[in-house]
There are 2 protein chains.
Amino acid sequence: MKLSANEEYGLRCLVRLGYAGENGSITIPEMSQAEGVSAANTAKILRALRKGGFVKAARGKEGGYTLARPAGDIVIAEVMECLGGRLFESSFCDSHGGRTGICTRSVDCSVRSLWRAVQVAVDHVLSKTTLRDLLQNEEEMNSWVRTIPGPNGMRLLQ
Amino acid sequence: MKLSANEEYGLRCLVRLGYAGENGSITIPEMSQAEGVSAANTAKILRALRKGGFVKAARGKEGGYTLARPAGDIVIAEVMECLGGRLFESSFCDSHGGRTGICTRSVDCSVRSLWRAVQVAVDHVLSKTTLRDLLQNEEEMNSWVRTIPGPNGMRLLQ
DNA sequence: AGTAATCTTGACTAGAAAGTACAGATTAGG
DNA sequence: CCTAATCTGTACTTTCTAGTCAAGATTACT
């Protein structure tokens with residue numbers, strides 16, 4: 001159970017776009033440099049986010065990416081599903097469920113219900129979090145960081 | 001964020017061993033056939049579980065695998081870590097934290113704290129669940145299933 | 001000792017995910 | 001209409017995980 005690179009990068013890109021504001025547009029080279037990810041890869045991820053309907057792209061000169069909706073309407077659970085699929089895609093149980101789809105191998109089911117519990121726990125966090133929440137968290141951190149300068153130019157969080 | 005095949009198979013194997021009881025031994029061919037997974041792959045997964053200290057192996061004729069501890073002492077969170085690693089292994093933030101290990105790129109941190117929240121939610125489920133819990137769940141399901149025979153030989157759960 | 005059943009190990013192959021490259025399409029502005 | 005900046009789509013390469021295979025080591029039973 002690991003976070004995929006797509007999920008990590010993709011969400012970072014969204015946060016940065018949200019941070020740029022409603023009309024703030026960011027190009028692939030800009031995003032690439034800011035995140036330290038290659039332009040080709042950044043392009044690929046932003047493309048996925050566009051297909052998911054989270055961002056919109058403007059082509060040509062003066063083009064770039066913008067959030068497709070207000071940050072408060074972008075639910076992180078949906079973003080994660082777009083970038084990395086569902087946690088539990090039961091390839092195993094389904095093959096034993098027959099036409100009813102109900103798994104008859106009992107030993108499978110107890111495992112399956114555990115996965116379901118995990119999925120519920122994860123969804124409980126992610127489906128209640130919007131991009132706006134992340135941006136606000138960001139603001140808090142920034143103001144906090146600003147008040148506590150650390151040694152040799154670093155900012156300490158504790 | 002997906003469950004790996006290792007996690008899925010490995011946990012199934014553990015449940016089946018637990019189901020076989022404290023002294024119940026299962027060989028690789030038996031497990032292989034019961035789970036519908038190739039013997040070579042089953043062997044590999046059981047090996048991982050042995051290295052993790054969850055099962056013990058007896059070699060030679062009459063050999064096989066047995067639980068290394070009572071089912072109630074086997075915490076699923078540990079099993080999952082053994083089979084699939086931690087959810088959030090921060091490759092990204094750490095590279096921006098310098099010697100203190102604290103990430104100074106604010107845009108990273110809000111994402112990071114989200115991952116942490118997800119990890120906590122998952123751990124809350126998995127670290128409170130032992131193999132014994134899964135086996136009991138199993139028992140309940142079996143007795144339930146037995147009471148409701150479905151059409152053409154299937155057992156319906158609802 | 002011999003034999004058959006069993007786990008162990010390391011190397012190999014296949015497949016999926018991540019990352020790269022490049023030619024093509026679109027747009028703003030001169 | 002031309003150019004430069006920008007996204008788009010497809011195909012390629014690399015890297016990591018999953019799965020396979022064969023030779024070796026161990027044990028119980030005779």
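Throughout, a chain's letter reflects where its sequence line sits, starting with A, and its residues are numbered from 1. Bear in mind that the values here come from a model prediction, so they are computed numbers and not experimental data.
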ask   = Does B:Arg50 put a side-chain nitrogen or oxygen below 4.0 Å from OP1 or OP2 of C:dT9?
value = yes
query = Separation of A:Asn41 atom CG from C:dC22 atom C1', in whole Å?
reply = 16 Å
remark   = Taking C:dT6, C:dA17, C:dG19 as options, the one with an atom nearest any side-chain atom of A:Ala5 is C:dG19
query = Between A:Leu83 and A:Leu49, is any pair of side-chain heavy atoms under 4.5 Å apart?
reply = yes
message = Side-chain N or O of A:Asn6 versus OP1/OP2 of C:dA18: is the shortest distance under 4.0 Å?
response = yes
request  = Please tell me which of the listed nucleotides, C:dT9, C:dA28, C:dT8, lies nearest to the side chain of A:Glu62?
outcome  = C:dA28
inquiry  = Would you say that more than 12 heavy atoms from the other residues, nucleotides or ligands in this model lie under 6.0 Å from the CZ of B:Arg69, or not?
reply    = yes
message = Closest-nucleotide mapping onto DNA chain C: is B:Ala43 or A:Gly60 further toward the 5' terminus? I mean the 5' end.
response = B:Ala43
query = Any salt bridge (charged side-chain N to carboxylate O under 4.0 Å, His left out) pairs touching residues 42-52 of chain A, not counting sequence neighbours?
reply = none
request  = Check every strand shown and say whether A:Ala39 touches a base, only sugar-phosphate, or nothing at a heavy-atom separation below 4.0 Å.
outcome  = nothing
query = What distance do B:Leu11 atom CG and B:Cys82 atom SG have between them, rounded to the nearest 0.5 Å?
reply = 11.0 Å
ask   = Sub-3.5 Å donor-acceptor pair from the side chain of A:Glu7 to the main-chain atoms of A:Ser4, do we have one?
value = yes
request  = Grab the CD-P distance between B:Glu30 and C:dA5 for me, whole Å please.
outcome  = 13 Å
remark   = Contacts of A:Ser38 and B:Lys44 projected onto DNA chain C by closest heavy atom; the upstream (5') one is B:Lys44
ask   = Does C:dA17 have OP1 or OP2 sitting under 4.0 Å from an N or O in the side chain of A:Tyr9?
value = no
remark   = In whole angstroms, the gap separating P of C:dG19 from CG of A:Leu46 amounts to 14 Å
key: 5' to 3' contact window, DNA chain D with chain B (heavy-atom distance under 4.0 Å)   = D:dA18 to D:dA28
Nearest-angstrom distance from the residue atom CZ of B:Arg47 to P of C:dA11 = 13 Å
ask   = Is it true that a side-chain atom of A:Thr129 and a backbone atom of A:Leu126 form a donor plus acceptor pair closer than 3.5 Å?
value = no
ask   = If you group Ile, Leu, Val, Met, Phe, Trp and Tyr by side-chain heavy-atom gaps below 4.5 Å, do A:Phe54 and A:Val75 land in one group?
value = no
message = Regarding B:Ala40, tell me which of base, sugar-phosphate or nothing describes its non-hydrogen contacts under 4.0 Å with the strands shown.
response = base
task = Rounded off to whole Å, could you give me the CZ-to-C1' distance for the A:Arg59 and C:dA25 pair?
result = 5 Å
